[in-house]
There are 2 protein chains.
Amino acid sequence: MDSHGWDAPEMTTTAQNLSTIDAATTRLPAHEVIYRQLRDLVLFGDLAPGQAVTIQGLSERLGAGMTPVREALRRLIAEGALEFQGNRRVSVPLLSADNISELILARQWVDPHLTLRATERATLGDLDHLRALDDQLDVAITRGDLRAYLELNYLFHRRLYEIADAPILAHLADGLWLRFGPSLRVVCGRMGTQNLPDKHKAMLEAMHARDAEAAARAIREDVIQGMEQVRHSLEQSGALR
Amino acid sequence: MDSHGWDAPEMTTTAQNLSTIDAATTRLPAHEVIYRQLRDLVLFGDLAPGQAVTIQGLSERLGAGMTPVREALRRLIAEGALEFQGNRRVSVPLLSADNISELILARQWVDPHLTLRATERATLGDLDHLRALDDQLDVAITRGDLRAYLELNYLFHRRLYEIADAPILAHLADGLWLRFGPSLRVVCGRMGTQNLPDKHKAMLEAMHARDAEAAARAIREDVIQGMEQVRHSLEQSGALR
DNA sequence: CAGAGAATAATTTGATCATATTCTGGGCGC
DNA sequence: GCGCCCAGAATATGATCAAATTATTCTCTG
């Protein structure tokens, strides 16, 4: 899944401090560490849409040289998580209504497809794992913990992708998450964690019954519901944010 | 389409010399130039699947420092054009049968969809442009010019993506091309340029008649036909290459 | 004594940084 | 408002360090 080889990034379940250098992570190259930190920052909306990002700023903030930072940025830009603004300037992309439509379209295809595959391949252990994630998700929702909701929701879908065992499609799907991450945070922040979409229960039941079509349908509804909220909220507030 | 801002890369219609530094391109940053050169090298199969790529080697070969090369590599790796082999080594990916299946699946969805949109948006000028490209393609095929075929075929589809005006989906589609480029070259090199797929005529007619569905069907067949040949040729020769 | 294997030395290549250079954008004066 | 100048940020280089692969040697066994 990780196109850059190394072991899976450990998910930070709580807000993380940028200056915290994980001792266990020290074995990884600096550019990889920077990449993951920045990636999470984008994915969970810690960087607002439109916000500018400077190499030297990050370099100082993270206590690293500029070469690793530069590499991490190139990677994120190539993945669509950040945007190169022609004149050597980098920022978090603003999503247009058209962009959202494209993202909805793409996820509407790729997520159900991966779910289909996942249903065929999932072991009972996999299902338990998904259920556990979903339970934690419920807790986060009732507790109103937005950050935890965002992370767990991503983790849930990501786990699904891994089970599907289709690295290229999973990489595509991951790229989509990076693109709407910042806006998702903004939208959810405005609506609170109540009535957030969660068709996961229905999906898990279908997976358990090995009804791949039903599981795919459920995830499709989950995706549509979530993404349409973003679209709607975005259209309402003019451009975005 | 280009996620990194700058103007569209000029397509090299003939084989290009790596050491040639285009004077007109000098305005572009070195890492961008390197990226485009490497990208074309991958896209048109000048780098064989499995072949190793070293930073310092490219650095000397292209007469640039290692930082720009490094950045270009990170970008290509993020796009799936190159592969990071865990132990800090980079190579051109080998495609497994499963990978091919994923690529076929993805293109089967994204190419028709972009064609649908392109048909709705294409001006008469656009159609002329596509027709011109397709004519050149015919010339390349009858002449047996493999390299020209590969470049023109890519250009044709890419132009289609641009007309569709869906940057995110187009970026996805571009990424897919990068993944099967090297293998495509190997397969075509083995079969010659005869009986290569070209459903472009039918597609252009449909586009001209504004029959989006028919155009999408035609492109779908074009994609399937081409990709299945890769799959077949790959399965026959064991792993790949 | 020959050869397989492990340990080690040597070389190649990647990772990082400090620094020099170039370019962009904004402010100031005209 | 237009053009010049300057601060700051990005780009690019080469040196340095670290890691890994490859080559070499040494040892132990049959």
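Computed over heavy atoms, backbone and side chain alike; hydrogens, waters and symmetry mates excluded. Chain letters run A, B, ... following the sequence lines, proteins first and then strands; every chain starts at 1. Because the structure is a prediction, the values reported are computed rather than measured.
- A/Tyr154 and A/Asp40 share no donor-acceptor pair across their side chains, judged by distance under 3.5 Å alone.
- Residue A/Ala64 has its side chain nearest to C/dC17 when only C/dT16, C/dC17, D/dA12 are considered.
- In this entry the distance linking CG of A/Leu62 with C1' of C/dC17 reads 15 Å, nearest Å.
- When each of B/Thr67 and B/Val53 is assigned the nucleotide of DNA chain C bearing its nearest heavy atom, the one mapping closer to the 5' terminus is B/Val53.
- When rounded to the nearest whole Å, the span between CG of A/Leu28 and C1' of C/dG14 equals 15 Å.
- OP1 and OP2 of C/dT13 both lie 4.0 Å or more from every side-chain N or O belonging to B/Arg70.
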Output a table of nitrogen or oxygen pairs between the protein and nucleotides 15-21 of chain D separated by less than 3.5 Å.
unit_1, atom_1, unit_2, atom_2, d
D/dA19, O4', B/Arg88, NH2, 3.4
D/dT21, OP1, B/Asn87, ND2, 2.7

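- When only modelled atom types and interatomic distance are considered, A/Arg74 and B/His31 share a side-chain donor-acceptor pair under 3.5 Å.
- Atom CG in A/Leu58 sits roughly 13 Å away from atom C1' in D/dA10 (whole-Å rounding).
- We find that CD of A/Glu32 is positioned 14 Å from C1' of C/dG14, with the value rounded to whole Å.
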**Prompt:** What do the steps show when you test A/Tyr149 against A/Gln136 for side chain to side chain donor-acceptor pair (under 3.5 Å), and what is the final call?
**Reply:** CA-CA 9 Å; A/Tyr149 166 79; A/Gln136 287 184 262; over 6 Å; no

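- B/Ile34 has its CD1 atom 14 Å from the P atom of D/dT11, to the nearest Å.
- The CZ atom of A/Arg74 sits 17 Å away from the P atom of C/dA15 (whole-angstrom rounding).
- Residue contacts for A/Thr54: at a heavy-atom cut-off of 4.0 Å it reaches the sugar-phosphate backbone alone, with no base atom in range.
- Rounded to an integer number of Å, the gap from A/Leu82 CG to D/dA10 P is 13 Å.
- Going from atom CZ of B/Arg231 over to atom CD1 of B/Ile104 covers 4.0 Å, rounded to the nearest 0.5 Å.
- Note: CD (B/Glu71) to P (C/dT16) measures 13 Å, nearest angstrom.
- In this structure, A/Trp109 and A/His113 have parallel ring planes: the angle between them is below the 30° cut-off, well short of the 60° mark.
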**Message:** Between A/Ser96 and A/Asn99, is the side chain to side chain donor-acceptor pair (under 3.5 Å) condition met? List the steps.
**Reply:** CA-CA 5 Å; A/Ser96 69; A/Asn99 288 335; 3.1 Å; yes

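- Among the nucleotides D/dA12, D/dA10, C/dC17, the one closest to any side-chain atom of A/Pro68 is C/dC17.
- Atom CG of B/Leu169 is separated from atom CG of B/Asp174 by 11.5 Å, given to the nearest 0.5 angstrom.
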